[in-house]
Amino acid sequence: MAKINMCGVRKTFGNGHTALKEMDTEFQTGTFTVILGPSGAGKSTLLRLVNGLEPLTSGEITVDGIPVRGKNLKKIRGDVGMIFQQFNLIGRLNVMTNVLVGRLWNRPWLTSVLYLFGREDRAIAEKVLMRVGLAEKAWERADRLSGGQQQRVGIARALAQEPRVILADEPVASLDPVTGDNIMQILREICDRDKITMIVNLHQVDLAKRYADRVIGLNAGEIVFDGTPKLLDSSILSHIYRRNSVVKETTPDALLAYA
Amino acid sequence: MTSSDNPIPPKPFNPAPAFIAVWFAVLWASCLGLDISFTDLLTGMDDMGEYLSRYGTPDFSDLSRYLELLAQTVAIAVCGTFLAITFSILLAPTAARNLTIGPLAYRAAREILNFMRAMPDLLLALVFVAALGLGPLPGVIALGIHTAGFLGKFFAECLERVDPGVIEAMEASGAGRTQTLMYAGWPSILREAAGYSLYIMDRNIRMATVLGLVGAGGIGLALHDTLRLFEYNEAAALIIVIFVTLLAFDYISSWIRKKIS
């Protein structure tokens, strides 16, 4: 349902490290894009720019024509769901409440800070929880769940936003291969059925080949490959993952940028 | 590869003996300055024994009044702790680096908490007794202000330890600051906060018994009066009542704290 446009996007951190250099690309509605690249290539930064978790240094990103900045941020973050490597659930709250967090952007703060939600919000939360197959875990504490289950709650939280875009930052990096594959299937199914634009950072080339419509290879802040996963062969992969151009960064800021 | 012909480098300087020497020098100078003499302590032993013997027969005839005063003391501590918790809940988020509104507000909140913590509650009680008159209210306010400084700092530091990923996930879903605080902030630190509040409650009961001495209500005032009138047997009874209560609360609070952590 949403098209993302990046025009002359550049990101330089406070320490002078340039994570992304002059990037122009777009993500078509309902496509599944996987971003591959070595650690520190700027994959996380790219995702974090789309929902404004990091401010741009220059250039512009639009989601359905709305620029990602200033007053638009709240609305855009509501429209853009995010899934994390470490799931980032609130461990001490139950699964249902964690999913309802996805409704907060759309709720008046006075009732929401008292944990009061509308019937409609509860219905949405129940629906997405059933969709990821965790209905029976609704009242369990989030930190009691296994990694794969926690990631499914993370997906449910993103879905509860009723987003038009989902960004997933290494969603399977903390999971075993079978569970990881299962998570990728869920993401692919969401992309196909809801026409949600999906951008997924991955380290697993095989998963990229299996699930992506399009693969972007990122190296040292530049797009070095952009095409269908069929084109990924060993020479292109070694091109994407070549290390000589990567600047060694050890300062905490730079490490954070890579995280 | 790993073997080497280099000799062991010179032993690094160990500052511990110097520190210990300085510590004893300061201690000695302090004793000298205060005219503390150990011969006085030894010769005073007999007098001390005689004085303590006057407390030998505790008089519990007024026990019902003591218990009433004790209840007042506990009530002062409860109200003071409630005041402190309320203050801290309002101030701590602004004093937490990850959830504050801005650098200026952060600084201001931290300084307010520092100030509250730095004011001794006995001193505050003296000031408020002078301003508001004798009674429990000055005690409540004094305890509330002083311990709000402690609790607020502790809550703020707990909030700063909340997983940044969780806070970022809230932010990424479009939640506002107050929503982030209510969902990712307080629930994550609830146990620690409850445990520390209990500890402060325990401490405030202890302190409330003393606050009576400066006129801020409760059992301390009665102790003060009996001592001034040389009623040693009543004083002994009061001291025993206070001691048993404090011990009981100490056990209860540490038992609950162990349960919740």
Side-chain angles (χ1 to χ4, degrees), chain A residues 44 47-48 50-54 72-94 97-116 141-143 153-154 157-163 165-169 256 259, chain B residues 85-94 96-103 105 154-198 256-261:
Chain A
S44 287
L47 289 195
R48 292 159 58 83
V50 175
N51 62 0
L53 282 180
E54 294 288 354
N72 307 333
L73 274 185
K74 195 169 172 86
K75 167 88 175 82
I76 283 183
R77 285 178 182 170
D79 280 342
V80 178
M82 196 165 191
I83 297 166
F84 303 84
Q85 177 182 348
Q86 295 302 334
F87 329 129
N88 293 353
L89 305 178
I90 304 154
R92 292 206 176 148
L93 296 183
N94 63 37
T97 313
N98 269 286
V99 175
L100 282 168
V101 163
R103 300 303 305 154
L104 287 176
W105 69 278
N106 203 12
R107 298 285 307 164
W109 76 267
L110 188 61
T111 50
S112 66
V113 298
L114 298 171
Y115 289 71
L116 299 173
R141 256 175 67 156
D143 55 8
V153 176
R157 174 174 64 188
L159 280 178
Q161 291 176 229
E162 304 200 305
V165 178
I166 287 182
L167 311 170
D169 196 0
L256 262 178
Chain B
I85 292 174
T86 311
F87 263 141
S88 331
I89 286 178
L90 293 177
L91 266 175
T94 313
R97 208 168 280 128
N98 53 349
L99 290 162
T100 192
I101 308 161
F154 181 78
F155 286 179
E157 277 163 8
C158 271
L159 285 171
E160 282 178 353
R161 284 197 296 271
V162 172
D163 179 1
V166 176
I167 290 175
E168 182 164 85
M170 297 287 303
E171 222 181 304
S173 73
R177 175 181 175 266
T178 320
Q179 291 173 329
T180 303
L181 190 63
M182 286 306 290
Y183 285 77
W186 292 119
S188 302
I189 72 160
L190 197 61
R191 270 176 205 219
E192 294 92 318
Y196 210 76
S197 301
L198 257 170
I256 299 177
R257 270 182 285 143
K258 210 174 283 169
K259 276 268 159 184
I260 57 177
S261 66

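For the numbers below, each heavy atom of this structure counts, side chains included, while hydrogens, waters and symmetry mates do not. Just so it is clear: chains get the letters A, B, ... in the order the sequence lines come, proteins before strands, and each one is counted from 1.
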With a 4.5 angstrom heavy-atom cut-off, which part of [X] approaches chain B: side chain, backbone, both or neither?
{"X": "A:Gln86", "result": "neither"}
{"X": "A:Arg157", "result": "side chain"}
{"X": "A:Ile83", "result": "neither"}

(request) Could you list which of residues 164-171 of chain B have a heavy atom closer than 4.5 Å to any heavy atom of chain A, in residue-number order? (result) B:Gly165, B:Val166, B:Glu168, B:Ala169, B:Met170, B:Glu171
(message) Measuring only between side-chain heavy atoms, which start at C-beta, is A:Gln85 closer than 4.5 Å to A:Asp169?
(response) no
(message) I want to check something: taking the side chain as every heavy atom from C-beta on, are A:Tyr115 and A:Leu93 in contact at a cut-off of under 4.5 Å?
(response) yes
(request) Using the six-membered ring wherever Trp is involved, compare the ring planes of B:Phe154 and B:Tyr196 and label them parallel, tilted or perpendicular (cut-offs 30° and 60°). (result) parallel
(request) Please check if the side chain of A:Arg77 supplies one atom and the backbone of B:Ala175 the other of a donor-acceptor pair under 3.5 Å. (result) no
(request) Could you check which of A:Gly78, A:Ala158, A:Ser112 has the highest count of heavy-atom pairs closer than 4.5 Å to chain B? (result) A:Ser112
(message) Does A:Ile166 form a side-chain contact (heavy atoms from CB on, under 4.5 Å) with A:Leu159? I'd like the steps, not just the answer.
(response) CA-CA 8 Å; A:Ile166 287 182; A:Leu159 280 178; 4.3 Å; yes
(request) Drop me the distance from A:Asn106's CG to A:Lys74's NZ, to the nearest 0.5 angstrom. (result) 9.5 Å
(message) Within this structure, what is the CG-CG distance for the pair B:Asp163 and A:Asn88, rounded to the nearest 0.5 Å?
(response) 5.5 Å
(request) Provide the closest heavy-atom pair for A:Arg92 versus B:Pro187 in the form atom of the first, atom of the second, distance. (result) CD-O, 3.6 Å
